[in-house]
Visitor: 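Dropping a structure here in structure tokens format, bear with me for questions.
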There are 2 protein chains.
Amino acid sequence: MSLKANNPNKKTWLTVPDNSDFPIQNIPFGVFLTRNDIITIGTRIGDTAIDLGALHQLGYFSGIPLTEDIFLQDTLNDFISDGKKTWRLVRNRISEIFDIHSTGLQHNEEHKKIVLFAIDEIEMQLPVLIGDYTDFYSSKEHATNVGTMFRDPENALMPNWLHLPVGYHGRSSTIVPSGTAVRRPMGQTLPKGAEKPLFGPSRLVDFELEMAFITTDANAMGEPIDINEAEDYIFGMVIFNDWSARDIQKWEYVPLGPFLAKSFASSISPWIVTLDALEPFRVESPKQDPEPFPYLKQSGKHSFDIHLEVDLTPEGGSPTTVTRSNFKYMYWTMAQQLAHHTINGCKVNSGDMMGSGTLSGPTPDSYGSMLELAWQGTKPIALQNGEERKFVHDGDTVTMKGYCEKNGIRIGFGDLSTKLLPALKA
Amino acid sequence: MSLKANNPNKKTWLTVPDNSDFPIQNIPFGVFLTRNDIITIGTRIGDTAIDLGALHQLGYFSGIPLTEDIFLQDTLNDFISDGKKTWRLVRNRISEIFDIHSTGLQHNEEHKKIVLFAIDEIEMQLPVLIGDYTDFYSSKEHATNVGTMFRDPENALMPNWLHLPVGYHGRSSTIVPSGTAVRRPMGQTLPKGAEKPLFGPSRLVDFELEMAFITTDANAMGEPIDINEAEDYIFGMVIFNDWSARDIQKWEYVPLGPFLAKSFASSISPWIVTLDALEPFRVESPKQDPEPFPYLKQSGKHSFDIHLEVDLTPEGGSPTTVTRSNFKYMYWTMAQQLAHHTINGCKVNSGDMMGSGTLSGPTPDSYGSMLELAWQGTKPIALQNGEERKFVHDGDTVTMKGYCEKNGIRIGFGDLSTKLLPALKA
């Protein structure tokens, strides 16, 4: 089926500000609370939010096989479950409805009042009920940096790293959308040189610049996903901040991995940008050596050129961009991650989320965490207001941005912005 | 509120075979498919399954604040969400309805036809939609055995182990009820002495004898659960087989913990035995030294005397009991696990599941996994039929049993029985 919604020449009758992440070529999916206190599934063009539940009720999706209530839900799981063919039909139809040459909604004032909302009138929700969330560790630069700091610069990568996309299971219940403040966690830590652990607020709260993909129902339990089909099961992507308490992590993570150092909060951008919308921005991923096992082998372009940046804004201050990175640096592709995740028969469901791992680039100004940017506190980052940061302070807002740009078309994710609150008890 | 359903003198008008796990003092909760192909929530007394959805429709729960469809669901999550007070009211009422002195249902043949099913007429389902699943590592004997085998007998426990209940996030999507066969996973392993990994079926598939508890909605994100209230948020317990592929685990688990070595399958017994039913079997947990931090400190009896055993049955053969252990050996209590899990503000929801970790006892015949029982393959276990086992073979059925017994009352969990199928490709 054609990806005609990607046509770069298409214009919309809605207003789209310059440099918007949401031209008519994007058409992401999300869930929002309207001014009438109704939760609905929607999309966004420019600064206009579009109620897909209302559009469907008004008949604009006629001819597409959709259940009546598919958009009148508080998560996208069922729609995602309908599969790639349906996502494309819906996205193409939305593209037609808002095409500048369209008749219909453009000239129906009554319908427009029901369907359209200014973006500041709505409140974005978590777009999916995340059944299982997995975090990978697929940036070679990040794994090398961490290995250099904590283990041995000569053997920074663990022996398994180049053979498989290392990953671990994470906590779904504390994944929150942009705009939800998160609290500095309490926990046990072992200060350097101490013999006994301490209990108190984490002193080393960090962000991790990641992206994550959302899957559809992919396989029966016991049956792996073929790497050549894996992308068909990816609905879309979000920006992901994998909040981390470095001092808690260091004390707790041996031998079973990160636990409370991560599960206090993880943040995602609320609009899921479809893999279809990202199609024009495909690029090759880094060359892999050694050659992966056949179940992980693929050729062609399976990464995406997504510019990423992180701003840090102290309370009452102005933002400082602390890093600029790119999704394309990721060593293992999303298809490889999904094929590996299921090679043991693990079942993947609609609404599962898989994080990339921290997306560090090759240069020190492209690292994806404060741990790396300030190199374990040895190279503090200067802020606009003259302050310095080794990690994130109470009151700081961390804002992550991501977008693709080519031939005058910019497809973006919108901001993922999260404020860090002080710990509950000091 | 009184736990009158626990009255040891109570008898039921239903038939209860000798040594049944399900006397009228148990009243567990589960979900089953009836002979009429309807999924309902139910309980079990002796070998009779009781349709709680039908009982409720017939008015037997009048006076208890329950929504009309609370039992007409395919998971227990909403009922569990109603909270401890409601669970007790319902359990006490069921106890009254089936009391030998009761009138009502006992003498209503028409209602009995609707409500009661022979246990072999129904098909047990997964009792809850498990949002998040966490596995702890709370048996000191197990952690010591593993540390002795893989690291250093002199320093078998990691430095953090005595200070906090070590745990990690697991995969919910592949948790299946008793009776669902599981498939030997494919994966990467690094054979001893090899320089490069191999790909193929795991050669070291193992069971782990665990128990798990199911929670209700407990806290808002950012707010810890007080250890003294933690037990109020535990609905009940199941037996849990945390299937493990030891060779896959060894290669993949550094530095982020077990992943595909566990996520191919985990099995639970289908009836959730309430904490209320286990109340008479409380015992003290092992003395803790060093003393835990205040947020983990508790006094009194917070463990339960639950006898556990594992039978291994080769294809076409008869069962050999390969271990006998007990839940009471667990060093960290469930309340401590829950308090620790939320000390960072992690949110716990209705239907979350938390595993104990392998429950090894102090003697070699009470270890909770083949890895320990056969001590890394050096002491193979003899089966009834003359065969030996170092790990689990294709076609073997692993059956776990658990029960409490005191003053002539036996409260059990029913069998957790799972057959291991050969890998998909050889």
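Quick note on labels: first sequence line is chain A, next is B, and so on, each numbered from 1.
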Visitor: With respect to chain A, which residue among B:Val166, B:Asn349, B:Leu164 yields the maximal number of heavy-atom pairs within a distance under 4.5 Å?
Guide: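 Of B:Val166, B:Asn349, B:Leu164, B:Leu164 has the most heavy-atom pairs under 4.5 Å with chain A.
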Visitor: Taking A:Pro294, A:Gly170, A:Ala265, A:Pro290 one by one, which has the highest count of heavy-atom pairs under 4.5 Å against chain B?
Guide: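 Among A:Pro294, A:Gly170, A:Ala265, A:Pro290, the one with the most close pairs to chain B is A:Gly170.
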Visitor: Below 4.5 Å from any heavy atom of chain A, which atoms of B:Thr180 appear? Answer side chain, backbone, both or neither.
Guide: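 Nothing of B:Thr180, per the 4.5 Å heavy-atom cut-off to chain A.
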Visitor: Between B:Asp135, B:Leu260, B:Leu421, who has the most heavy-atom pairs with chain A when the cutoff is under 4.5 Å?
Guide: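 The candidate making the most pairs under 4.5 Å is B:Leu260.
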Visitor: For chain B, find which of A:Phe259, A:Phe293, A:Trp161 contributes the most heavy-atom pairs closer than 4.5 angstrom.
Guide: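 The option with the most such pairs is A:Phe259.
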Visitor: Indicate the atoms forming the closest heavy-atom contact of B:Phe264 with A:Asn344, along with that distance.
Guide: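 Where B:Phe264 meets A:Asn344 most closely, the heavy atoms are CB-O, 3.1 Å.
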Visitor: Any luck finding a side-chain donor-acceptor pair between A:Tyr295 and B:Gln188 under 3.5 Å?
Guide: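 Result is yes, a qualifying pair exists.
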Visitor: Given a strict heavy-atom distance threshold of 4.5 Å, which part of B:Ala245 is in contact with chain A: side chain, backbone, both, or neither?
Guide: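 Answer is neither: B:Ala245 stays 4.5 Å or more from chain A.
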Visitor: Only pairs of heavy atoms separated by less than 4.5 Å count here; which of B:Gly147, B:Gly345, B:Pro159 has the most with chain A?
Guide: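 Between B:Gly147, B:Gly345, B:Pro159, the count favours B:Pro159.
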Visitor: Taking the six-membered ring for Trp and the full ring for Phe, Tyr or His, determine whether the centres of A:Tyr168 and B:His169 are under 6.0 Å apart.
Guide: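 No: the rings miss the under 6.0 Å criterion.
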Visitor: Is it the side chain or the backbone of B:Phe150 that comes within 4.5 Å of chain A heavy atoms, both, or neither?
Guide: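 Neither the backbone nor the side chain of B:Phe150 comes within 4.5 Å of chain A.
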Visitor: Given a strict heavy-atom distance threshold of 4.5 Å, which part of B:Arg184 is in contact with chain A: side chain, backbone, both, or neither?
Guide: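 For B:Arg184, no heavy atom lies under 4.5 Å from chain A.
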Visitor: Identify which of A:Pro224, A:Pro258, A:Gly167 forms the greatest number of heavy-atom pairs closer than 4.5 Å to chain B.
Guide: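 Among A:Pro224, A:Pro258, A:Gly167, the one with the most close pairs to chain B is A:Gly167.
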Visitor: So which of A:Arg183, A:Glu252, A:Glu223, A:His340 has the largest heavy-atom pair count under 4.5 angstrom toward chain B?
Guide: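 Going by pairs under 4.5 Å, I would pick A:His340.
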Visitor: Can you find a side-chain donor-acceptor pair between B:Ser173 and A:Asp352 that sits under 3.5 Å?
Guide: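 No.
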Visitor: Between the main-chain N or O of A:Trp251 and the side-chain N or O of B:Asn160, is there a donor-acceptor pair closer than 3.5 Å?
Guide: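 Present.
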Visitor: Below 4.5 Å from any heavy atom of chain A, which atoms of B:Phe199 appear? Answer side chain, backbone, both or neither.
Guide: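 B:Phe199 touches chain A through backbone and side-chain heavy atoms alike.
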Visitor: Given a strict heavy-atom distance threshold of 4.5 Å, which part of B:Leu162 is in contact with chain A: side chain, backbone, both, or neither?
Guide: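 Neither part, no heavy atoms under 4.5 Å.
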Visitor: Between B:Ser263, B:Pro185, B:Gly257, which shows the greatest number of heavy-atom pairs under 4.5 Å with chain A?
Guide: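 Winner by heavy-atom pair count: B:Ser263.
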Visitor: Which bit of B:Val254 is near chain A, if near means a heavy-atom gap under 4.5 Å: side chain, backbone, both or neither?
Guide: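 For B:Val254, the contact with chain A is made by backbone and side chain together.
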Visitor: Using atom types as modelled and distance alone, determine if a side-chain donor or acceptor of A:Arg171 lies under 3.5 Å from a backbone N or O of B:Lys347.
Guide: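 Pair found, side chain donor or acceptor close to backbone of B:Lys347.
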Visitor: Between chain B and each of A:Gly222, A:Ser202, A:Gly187, count heavy-atom pairs under 4.5 Å; write down the option with the most.
Guide: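 Looking at each of A:Gly222, A:Ser202, A:Gly187 in turn, A:Gly222 comes out on top.
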Visitor: Name the member of A:Val176, A:Val182, A:Asp132 that forms the most heavy-atom pairs with chain B at distances under 4.5 Å.
Guide: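 Going by pairs under 4.5 Å, I would pick A:Asp132.
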